[in-house]
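Notes follow the structure.
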Amino acid sequence: MKIACPLVVAPILALGLSGLGACASLPGLSGVELNRDQASQGGKTFGEGVGQAATAPLDDLNLRRQEVPEVLITARRAPYATAGLQRCSAVVAQIDALDEALGPDVDQPTPATGTGDQAANAALDMVRDTATDFIPLRSWVRRLSGAAAHDREVQAAIRAGLVRRGFLKGIAHQRRCTRTAG
């Protein structure tokens, strides 16, 4: 089902998310635990992301490009380089830089996503999908504009960063490096 006007639906959904906590006092919802903080966070998440979601066609037209962090570009050039890794502090610093660019690794705790954030992310996906559906022959536009090639470059840099982080964690484990080791 297509929604005709995402710019009308988006603010309504944001208001609904931010007011979700008030529903706990409604009859029939007494057994449902609604958290005002989660609802408020969901509204904030939606508000922060709606602009980028609504302008997603700019990515397809290659008018806006995702910046690739320098640490991922370096990892793509030499994922198994050992230069400058004599001290544990250097190894840990590179792991931290990759964590910053890539987000938490599988062995790290991920921040819990509340129901408000989940609803906000679903709404943002809807806005993004609706905005990009207006581009006829989208896949061809992405190819011709260079956006598809840029996305492949970004994904390759992310994969190289993941490989580099695993490599560095192996070195850190072998040397028994800790976050406080020098």
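Being a predicted model, the structure only gives us computed values, none of them experimental.
Under the 4.5 Å side-chain heavy-atom criterion for ILVMFWY residues, a single connected hydrophobic cluster contains both Leu162 and Ile171. Ile95 and Tyr80 end up in the same hydrophobic cluster when Ile, Leu, Val, Met, Phe, Trp and Tyr side chains are linked at under 4.5 Å.
For Ala160 against Pro79, the heavy-atom pair with the smallest separation is O-CB, 4.5 Å. Ala101 and Val71 make their closest contact through CB-CG1, 3.7 Å (heavy atoms, listed as atom of the first residue, atom of the second, distance).
The 12-atom threshold is exceeded at CD of Glu70, counting heavy atoms of other residues, nucleotides or ligands nearer than 6.0 Å.
His150 contributes a side-chain N or O that, together with a main-chain N or O of Gln66, makes up a donor-acceptor pair within less than 3.5 Å. The closest donor-acceptor contact from the side chain of Gln108 to the backbone of Asp105 lies under 3.5 Å. No donor-acceptor distance shorter than 3.5 angstrom exists from the side chain of Arg76 to the backbone of Arg159, with no hydrogens or angles considered.
Here the straight-line distance linking atom CD of Glu67 with atom CD1 of Ile73 works out to 8.0 Å at 0.5 Å rounding. Between the CG atom of Leu85 and the CZ atom of Arg175 there is a distance of 6.0 Å, given to the nearest 0.5 Å. Atom CZ of Arg77 is separated from atom CG of Leu72 by 11.0 Å, given to the nearest 0.5 angstrom.
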Under the criterion side chain to side chain contact (heavy atoms under 4.5 Å, CB included), I'd like the reasoning laid out for Leu168 against Val92: C-alpha separation, chi angles, the key distance, then a yes or no. CA-CA 8 Å; Leu168 291 170; Val92 170; over 6 Å; no

Start with the C-alpha gap between Thr82 and Phe167, add the side-chain angles, then the distance that decides, and say whether side chain to side chain contact (heavy atoms under 4.5 Å, CB included) holds. CA-CA 10 Å; Thr82 57; Phe167 174 72; 3.8 Å; yes

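Look at Glu100 and Arg165 and you find no salt bridge, because none of the NZ, NE, NH1 or NH2 atoms lies under 4.0 Å from a carboxylate O.
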